[in-house]
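Shown next, in structure tokens, is the structure this report addresses.
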Number of protein chains: 2
Amino acid sequence: MSLRHALLGLLAERPRTGYALLKHFEGSISYVWTARHSQIYPELARLQEDGFIRQSASGPRGSKIYEITKAGLDEVRRWLRETEPERTVRSDPLLRVFLLWLLQPEEREEFLRRELEHNRAYLARLEQLGRSEPANATEQTFRFALEHGLRATRARIGWLEWALAQSPLPE
Amino acid sequence: MSLRHALLGLLAERPRTGYALLKHFEGSISYVWTARHSQIYPELARLQEDGFIRQSASGPRGSKIYEITKAGLDEVRRWLRETEPERTVRSDPLLRVFLLWLLQPEEREEFLRRELEHNRAYLARLEQLGRSEPANATEQTFRFALEHGLRATRARIGWLEWALAQSPLPE
DNA sequence: AATTGCATGTAAATTGTTACATGATTTT
DNA sequence: AAAATCATGTAACAATTTACATGCAATT
């Protein structure tokens, strides 16, 4: 279960509240994993029960500040070292590409154009992300993930331009 | 729900048994979506209940041959035209990259090397796929999806080589 | 005073995996 | 005769989403 390890990894950086963790899943982590508050809060309770995190303090407005334990740090490192990455692919946009033959050529092209638009906007967001530095222990791996996002998105844009050039249609 | 539409899309090509559909999810469709038999068979029952497919015949060994109905064809087309692709990203390998700072540089490099190996093997499988033609109505979109896979995988390989070059370490 | 953002939780439903279960036909 | 593959299903569990639910604090 990756969510546990994503939470442990974020708490390994520094203690955080559940809400702060949630915000991370709306920020840079969202480019690789997503979760809602209804999944995060119960998972934090389970991690505490398992002794991987502890509530170190209380913040304003009844917020709870969690910190990782030695067992938690061991667990996230064990997961990274000893378990095989789960590589199952599940991409709705690509599934649609597979079924695109069901549409008229003009509709197919419209779909590809929309995807191209979306990916160009996504690339712009990633480039913006790259201009705001985190500058801490996690800096190198943040750069790694960002560079992956940039290259993957540029490849997708190149592919969409190629696909659109395959079936020339009126404007 | 994408599984329904993946099944409808495959049945739009030609009538097939549940088992044949399952085999597709172990073949080329697996590059964009996966499902097990325990998910496929109940979903086929539901699609039939909803009138999107019908059992047109029985094959050998108690197999059931399903065909798509007019309503099913309309539904998959409606889905392609009117619904927004679900773009949520969930990549275990990339999440690991985000947490790689938790490991020693040598362990980090080992992780990246294994990923590189995996992606090179994956690329070889895709290139093999490209040498075996389907040659029917779905040919163009099959080529589109394959070309995407090739470009995305090459981009990933380039990124891994770049990442490994970032932190030079003894062989 | 009202709206937005902070902050946490639970319940119900859906989607997906792993395990259980059975039987026919073909290949070795 | 045994093993592999074809062929279908269900049950239990895990992961995820959507909806329900509440209250505090800061901003407009």
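Lettering of chains follows the sequences in order, A, B, ..., and the numbering in each one begins at 1. Hydrogens, waters and symmetry mates are skipped; everything else that's a heavy atom, side chains included, is used.
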- Task: Determine to 10° how strongly the helix from C:dA1-D:dT28 to C:dT28-D:dA1 is bent, judged from the axes of its five-pair ends.
- Result: 30°

- Task: Starting at NE2 of B:His37, measure out to NZ of B:Lys23 and round the result to the nearest 0.5 Å.
- Result: 10.5 Å

- Query: For A:Thr88, does its backbone N or O pair with a side-chain atom of A:Glu86 as donor and acceptor, under 3.5 Å?
  - Reply: yes

- Message: For a ring pair (Phe, Tyr, Trp, His ring centres under 6.0 Å) check, start with the C-alpha distance between A:Phe144 and B:Trp162, then their side-chain angles and the critical distance, and finish with the verdict.
- Response: CA-CA 9 Å; A:Phe144 278 10; B:Trp162 166 88; 5.7 Å; yes

- Between A:Ser2 and B:Ile65, name the one whose nearest nucleotide on DNA chain D is closer to the 5' end. B:Ile65

- Task: With sequence neighbours left out, write down each residue that passes side-chain hydrogen bond (donor to acceptor under 3.5 Å, both in side chains) with B:Thr69, or none if nothing qualifies.
- Result: none

- Item | Residues A:Arg78 and A:Asp74 bridged, charged N to O under 4.0 Å | no

Give each protein N/O atom lying under 3.5 Å from an N/O atom of nucleotides 2-6 of chain D, with the pair distance.
residue	atom	partner	partner atom	Å
D:dC6	OP2	B:Tyr19	OH	2.7
D:dC6	O5'	B:Tyr19	OH	3.3
D:dC6	O4'	B:Arg61	NH1	3.2

- Item | B:Arg113/B:Glu109 salt bridge by N-O under 4.0 Å criterion | yes

- Query: Mind checking which nucleotides bracket the chain B contacts on DNA chain C, 5' to 3', with an atom under 4.0 Å from a heavy atom?
  - Reply: C:dT15 to C:dT25

- Message: If I take atom OH from residue A:Tyr19 and atom OH from residue A:Tyr41, how far apart are they, to the nearest 0.5 angstrom?
- Response: 7.5 Å

- Message: One pair to check against salt bridge (charged side-chain N to carboxylate O under 4.0 Å, His left out): B:Glu161 and B:Arg120. What are the steps and the verdict?
- Response: CA-CA 11 Å; B:Glu161 288 167 345; B:Arg120 282 183 175 148; 2.7 Å; yes

- Among residues 29-49 of chain B, which residues get a heavy atom nearer than 4.0 Å to DNA chain C? B:Trp33, B:Arg36, B:Ser38, B:Gln39

- Message: Tell me which pairs pass ring pair (Phe, Tyr, Trp, His ring centres under 6.0 Å) where either residue lies in residues 60-82 of chain B, with sequence neighbours left out.
- Response: B:His5-B:Trp79

- Side-chain H-bond candidate by donor/acceptor type, B:Thr141 with A:Arg96, under 3.5 Å: no

- Message: Counting the atoms with a prime plus P, OP1 and OP2 as sugar-phosphate, which does B:Arg90 contact under 4.0 Å by heavy atoms, base, sugar-phosphate, or nothing?
- Response: sugar-phosphate

- Identify whether the distance between the nearest side-chain nitrogen and carboxylate oxygen of A:Glu139 and A:Arg143 falls below 4.0 Å. yes

- Item | Pair A:Glu117 + A:Arg114, salt bridge at N-O below 4.0 Å | no

- Message: Taking A:Glu43 first and then A:Arg46, would you say they form a salt bridge - that is, a charged N and a carboxylate O separated by under 4.0 Å?
- Response: yes

- Message: Return whichever of B:Gly62 or A:Leu3 has its heavy-atom-nearest nucleotide of DNA chain D closer to the 5' end.
- Response: B:Gly62

